[in-house]
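We count ligands from 1, going down the list as the structure has it; atoms in each ligand are counted the same way.
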Amino acid sequence: MPAVPDKKELQENPALQAPKRSKPLFSPGTSDGEALVIFVLGGPGSGKGTQCANLVRDYGFKHLSAGDLLREEQDREGSEFGEMIKTYIKEGEIVPMEVTIQLLENAMNSTIEENGNRKFLIDGFPRKMDQALAFEEKVVPSKFTLFFDCPEDAMRERLLNRGKTSGRADDNEESIKKRFRTFVETSMPVVEKFEKESKVVRVDATKGPEEVYQDVRKQFSREGLEAEK
Ligand code: ADP
Ligand code: C5P
Ligand code: MG
């Protein structure tokens, strides 16, 4: 386990205020004061980022990848969380939720301010039960979770292949093993919780990217979401 920062210290950090609120920042929807959030989950390498790009193109969603936002914050000059994030990512552990939720909330607010888009795909989040509960309580309840179902062998192969060019510190055998363990032990319980609430849309992610996407489109249509093109 990486060096864990003091929980109280994080909770009291003035840069991390979202977890303190008593009711959600947004109601579900796309009008003023609202936000439409779809969580995108699946193991590392299951194809979340790839399919989100398709959905952005055809449905007009804003794609917010929790992992990308954390890597950006890690590299931001002067970030007080950079070193901590780096350690957690390398070890395949889940960064304390206060940091990730604040990054997501900031990105949602900036998007709404910039172009009024209130439709978000939140990729790779929530990866731990506390993130799921806090986000839905303090930011906005999700519409549903899009879950990419893929066996580890296929994911490992994709990640090692991606690792040849991604430059990511965690696309290597050792980190991949740890990420798989975290996924099974920590993230799958979140999917199971949403499943009990009938809020999971499951897609078989073993086929090629185009076939997977056709399935995603069908499922979105069933949920009442139609493509803009
Ligand atoms: P995630 O965001 O879930 O970690 P990515 O979308 O980054 O996954 O995909 C991981 C790697 O696998 C990338 O190199 C991507 O090009 C490739 N990939 C994505 N979807 C598929 C698929 N359906 N079949 C084969 N390779 C895929
Ligand atoms: O989704 P992605 O594979 O880009 O995530 C990379 C890493 O970022 C994860 O293995 C984890 O260390 C961290 N992360 C996290 N909490 C999230 C999403 C990602 O701690 N909700
Ligand atoms: Mg990704």
With heavy-atom distances below 4.0 Å as the criterion, list the atoms of ligand 2 near [X].
{"X": "Gly67", "value": "4 (O), 5 (O)"}
{"X": "Ile94", "value": "16 (N), 20 (O)"}
{"X": "Tyr88", "value": "12 (O)"}
{"X": "Leu70", "value": "13 (C), 14 (N), 15 (C), 16 (N), 19 (C), 20 (O)"}

Item to complete: Establish, yes or no, whether a centroid distance under 6.0 Å links the rings of Phe220 and Tyr213.
Response: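 No, the ring of Phe220 stays outside the 6.0 Å limit from the ring of Tyr213, centre to centre.
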Fill in: Aromatic ring proximity, centroids under 6.0 angstrom, Phe194 and Phe39
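For Phe39 and Phe194, the ring centres are under 6.0 Å apart.
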Tell me whether [X] is salt-bridged to [Y], with the criterion being a basic N under 4.0 Å from an acidic carboxylate O.
{"X": "Arg179", "Y": "Asp171", "result": "yes"}
{"X": "Lys196", "Y": "Glu192", "result": "no"}
{"X": "Glu228", "Y": "Lys119", "result": "yes"}
{"X": "Arg76", "Y": "Glu72", "result": "no"}
{"X": "Lys138", "Y": "Glu105", "result": "no"}

Suppose we measure from [atom] to each protein heavy atom; which comes out shortest, and what is that distance?
{"atom": "atom 24 (N) of ligand 1", "value": "Arg158 NH2, 3.4 Å"}
{"atom": "atom 18 (C) of ligand 2", "value": "Gly124 O, 3.1 Å"}
{"atom": "atom 4 (O) of ligand 2", "value": "Arg71 NH2, 2.9 Å"}
{"atom": "atom 2 (O) of ligand 1", "value": "Gly49 N, 3.0 Å"}
{"atom": "atom 3 (O) of ligand 2", "value": "Arg168 NH2, 3.0 Å"}
{"atom": "atom 20 (O) of ligand 2", "value": "Val95 N, 2.7 Å"}
{"atom": "atom 7 (C) of ligand 2", "value": "Ile89 CG1, 4.0 Å"}
{"atom": "atom 4 (O) of ligand 1", "value": "Gly45 N, 2.9 Å"}
{"atom": "atom 5 (P) of ligand 1", "value": "Thr50 OG1, 3.7 Å"}

Worksheet item: Do any nitrogen or oxygen atoms of Gln131 lie less than 3.5 angstrom from nitrogen or oxygen atoms of ligand 2?
Response: yes
Worksheet entry | Within-cut-off N or O pair, Glu93 and ligand 2, under 3.5 Å | yes
Fill in: Geometric N/O contact Gly47 with ligand 1, under 3.5 angstrom
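Right, the criterion is met.
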Worksheet item: For Asp123 and ligand 1, does the shortest N/O to N/O distance drop below 3.5 Å?
Response: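 Between Asp123 and ligand 1, no N or O pair is found under 3.5 Å apart.
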Worksheet item: Which of these, Arg179, Arg127, Gln74, Lys128, has its nearest heavy atom closest to atom 2 (P) of ligand 2?
Response: Arg127
Practice prompt. Could you check which of Arg179, Arg162, Gln51, Glu157 puts a non-hydrogen atom nearest to atom 7 (O) of ligand 1?
Written response: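 Minimum heavy-atom distance to atom 7 (O) of ligand 1 goes to Arg162.
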Does one side chain, of [X] or [Y], offer a donor that lies under 3.5 Å from an acceptor on the other?
{"X": "Asn106", "Y": "Gln102", "value": "yes"}
{"X": "Glu34", "Y": "Ser27", "value": "no"}
{"X": "Glu136", "Y": "Ser142", "value": "yes"}
{"X": "Thr182", "Y": "Glu93", "value": "no"}

Worksheet item: Arg71 versus Ile89: any side-chain heavy-atom pair under 4.5 Å?
Response: yes
Discussion item. Are the side chains of Tyr59 and Asn54 in contact, using a 4.5 Å heavy-atom criterion?
Written reply: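 SC-SC contact between Asn54 and Tyr59 ruled out.
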Worksheet item: Does CD in Glu174 sit with more than 12 non-hydrogen atoms of other residues, nucleotides or ligands closer than 6.0 Å?
Response: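 Result for CD/Glu174: open.
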Discussion item. Does the residue Lys207 have a heavy-atom contact with ligand 1, meaning some pair of atoms that are separated by less than 4.0 Å?
Written reply: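 Lys207 counts as a contact of ligand 1 under the 4.0 Å cut-off.
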Practice prompt. Could you tell me if any non-hydrogen atom of Gly42 lies under 4.0 Å from any atom of ligand 1?
Written response: no
Discussion item. As an exercise, identify every atom of ligand 1 less than 4.0 angstrom from a heavy atom of Ser46.
Written reply: 3 (O)
Item to complete: Considering the heavy atoms of Pro209, write down every atom of ligand 1 situated less than 4.0 Å from one of them.
Response: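 Result: 21 (C), 22 (C), 23 (N), 24 (N).
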